[in-house]
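Excluded from the calculations below are hydrogen atoms, water molecules and symmetry mates; all remaining heavy atoms, backbone and side chain alike, are included. For ligands, and for the atoms within them, numbers begin at 1 and follow the listed sequence. In this text the structure is predicted, and so the values were computed from the model without any measurement.
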Amino acid sequence: MNKRAQIDAGLEQSAFWMPFTANRQFKKNPRLLARAEGMYYWTADGRQVLDGQAGLWCVNAGHCRPKIVEALRRQAGVMDFAPTFQMGHPIAFEFAERLAGIAPAGFSHVFFTNSGSESADTALKIALAYHRARGEGQRFRLIGRERGYHGVNFGGMAVGGIVTNRKTFGPGVAGVDHIRHTHDLSRNSFSKGQPVHGAEFADELERLCALHDPSTVAAVIVEPVAGSAGVLVPPKGYLERLREICTRHGILLIFDEVITGFGRLGKPFGSQRFGVMPDLFTTAKGMTNGAVPMGAVFVNESVHAAFMQGAEGIELFHGYTYSGHPLGCAAGIATLDTYEEEGLLTRAATLERHFEDAAHALRGAPYVIDVRNCGLMAAVELEPRPGAPGKRAYEAFLKAFEAGVLIRYTGDTLALSPPLIVEKAQIDRLFDCIREVLQAVK
Ligand SMILES: Cc1ncc(COP(=O)(O)O)c(C=O)c1O
């Protein structure tokens, strides 16, 4: 049997060890996506599926956009690869300028990576190296947050607060601590936008500073809105308080904007939505509209300047073979063109009210214990099935897919983040589908 015939015959013996997937379960009953365009996927057997999760929080301009496709074709024929270690190519410099051009004021430089995980580890390393460059090498501690997700590499995993990661792979990096998460169902359930209660959760950072001595802390990393752990929107005043504590103690504040970057919250970046500026922020996903794996860490001028002193030499001993890959840069520039031409970096703001109303109309539907939203991100949290946490949401995900809608689930939460080109009727379809599915799950 040739390879293709083997796949058609079934995937149970397939060589593909799938990530974050129940492999044996999936391969017995695969869900294969074969084609995509705009707001839709088509399955291998030809069914149309509305994409309610922008691929994996990344296809912000919708699928297979012509400019991006064309840029990739063109670049692949011009120069496939060129190194960026002690060499350069114009398109990488051009893309960096374009990115700095849409960043909040003061974010003068970008360091290219290939994923959100690499962006998280890169940002943490820049923070450590920054303090060392300024003669404060005793700042080695990194502080993250419970339920934070910063990818799967050792640094991001260590500062993250995903229990299965910590259980399976251990603490990862020494000198890491965590503040508590901001989810507070008892006071904030069914909040629209930022919850009212919980600014005081930021004071945990002050407590950890007192415990460890603030002069040992290098950086704090949080997602402006925690995505993967179920769309946890920061309470009013919370990010401001984190910023204030970091500034007072000389600690760098890192925002992980891998999901919230590139228009998801109605502004180009989450920091602009909340009016709170970090010192560094990480991106990936929407940076190339998901078309090529690529990420970047944005660095403010004063952090960058600390490296550009003293004798000339390699200022940051860090980089990836594919940092600034020509195909990624080509896709990224075409992505920014598409975002700008179609106003996508701010379009979520114009749809937010409709999206919010549609999401909160699920209040009262079976098993729904919370609905929360910000920009074009929403979560519908379900009451866990006794003795089987996560199963109800998994079944809802399966039934929605059968009904032609792709949504994401994490634990007992259904998460929605459609491409930013979504139309109001498609928003209605997403939430109507969830309502129907919830009638059918047990
Ligand atoms: C906030 C955040 N950081 C980092 C990552 C990791 O990104 P990647 O899967 O591209 O490594 C993710 C992925 O979902 C994320 O949501």
Side-chain angles (χ1 to χ4, degrees), residues 18-21 52-60 111-127 142 144-162 164-166 169 172-173 178 181-183 219-234 239 253-265 269-271 273-274 278 280-298 320 322-323 325 328 331-332 335 374-379 406-411 413 415-417 419:
M18 297 172 69
F20 279 124
T21 295
Q53 57 173 51
L56 203 44
W57 318 87
C58 51
V59 184
N60 289 2
F111 195 98
F112 286 126
T113 69
N114 306 291
S115 65
S117 300
E118 289 182 1
S119 291
D121 278 37
T122 297
L124 297 171
K125 288 177 75 174
I126 292 176
L142 302 167
R145 186 167 63 182
E146 292 168 357
R147 298 185 68 157
Y149 184 67
H150 305 292
V152 294
N153 292 345
F154 270 97
M157 193 180 70
V159 291
I162 302 294
T164 314
N165 269 340
R166 309 180 65 73
F169 305 109
V173 172
H178 295 79
H181 63 76
T182 60
H183 197 31
V220 170
I221 182 167
V222 293
E223 302 154 86
V225 174
S228 300
V231 186
L232 307 179
V233 184
L239 292 175
L253 178 61
I254 304 170
F255 279 176
D256 186 335
E257 296 238 27
V258 166
I259 285 178
T260 54
F262 300 101
R264 177 63 44 203
L265 301 182
F269 297 100
S271 57
R273 156 90 191 217
F274 297 117
L280 309 164
F281 66 94
T282 61
T283 60
K285 296 193 187 269
M287 189 170 137
T288 59
N289 203 39
V292 175
M294 192 174 196
V297 179
F298 288 67
Y320 303 98
Y322 300 124
S323 287
H325 193 285
T335 296
C374 190
L376 283 184
M377 288 171 90
L406 184 63
I407 55 174
R408 190 151 169 71
Y409 79 99
T410 160
T413 297
L416 291 118
S417 66

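Each of the following atoms of ligand 1 lies closer than 4.0 Å to a heavy atom of Ser117: 6 (C), 7 (O), 8 (P), 11 (O). With ligand atoms numbered from 1 in the order given, ligand 1 contributes 16 (O) to contacts under 4.0 Å with heavy atoms of Ile259. Residue contact check: Glu223 has heavy atoms under 4.0 Å from atoms 1 (C) of ligand 1. Proximity to Asp256 (heavy-atom distance under 4.0 Å) selects the following atoms of ligand 1: 1 (C), 2 (C), 3 (N), 4 (C).
Ligand 1 has no nitrogen or oxygen under 3.5 angstrom from a nitrogen or oxygen of Glu118. Close N/O approach between Trp57 and ligand 1 is not found [any backbone or side-chain N/O within under 3.5 Å]. When only interatomic distances are considered, the shortest N/O to N/O separation between Gly116 and ligand 1 falls below 3.5 Å. Considering both main-chain and side-chain atoms, His150 never comes within under 3.5 Å of ligand 1 through any nitrogen or oxygen pair.
Put simply, part of Lys285 is less than 4.0 Å from ligand 1, judged by heavy atoms.
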Full working for side chain to side chain contact (heavy atoms under 4.5 Å, CB included) between Ser228 and Ile259
CA-CA 9 Å; Ser228 300; Ile259 285 178; 4.3 Å; yes
Give the intermediate values and the outcome of side chain to side chain contact (heavy atoms under 4.5 Å, CB included) for residues Trp57 and Arg408.
CA-CA 10 Å; Trp57 318 87; Arg408 190 151 169 71; 3.9 Å; yes
Chi angles and distances behind the side chain to side chain contact (heavy atoms under 4.5 Å, CB included) call for Thr335, Met287
CA-CA 7 Å; Thr335 296; Met287 189 170 137; over 6 Å; no
Applying side chain to side chain contact (heavy atoms under 4.5 Å, CB included), run through Val152 and Phe20 and close with a yes or a no.
CA-CA 11 Å; Val152 294; Phe20 279 124; 3.7 Å; yes
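At a 4.0 Å heavy-atom cut-off, ligand 1 touches Ser228 through the side chain alone.
In this structure, Phe262 has its ring center closer than 6.0 angstrom to the ring center of Phe269.
For atom 5 (C) of ligand 1, the nearest non-hydrogen atom from the set Ser115, Gly151, Pro224 belongs to Gly151.
Residues Glu257 and Pro224 approach most closely at CD-CG, 4.0 Å, considering heavy atoms.
Of the candidates Asn114, Thr282, Asp256, Thr113, Thr113 is the only one forming a side-chain hydrogen bond (donor to acceptor under 3.5 Å, both in side chains) with Ser119.
Looking at atom 2 (C) of ligand 1, its nearest protein heavy atom turns out to be Tyr149 O, 3.4 Å.
Around CZ of Phe154, the count of heavy atoms belonging to other residues, nucleotides or ligands within 6.0 Å does not exceed 12.
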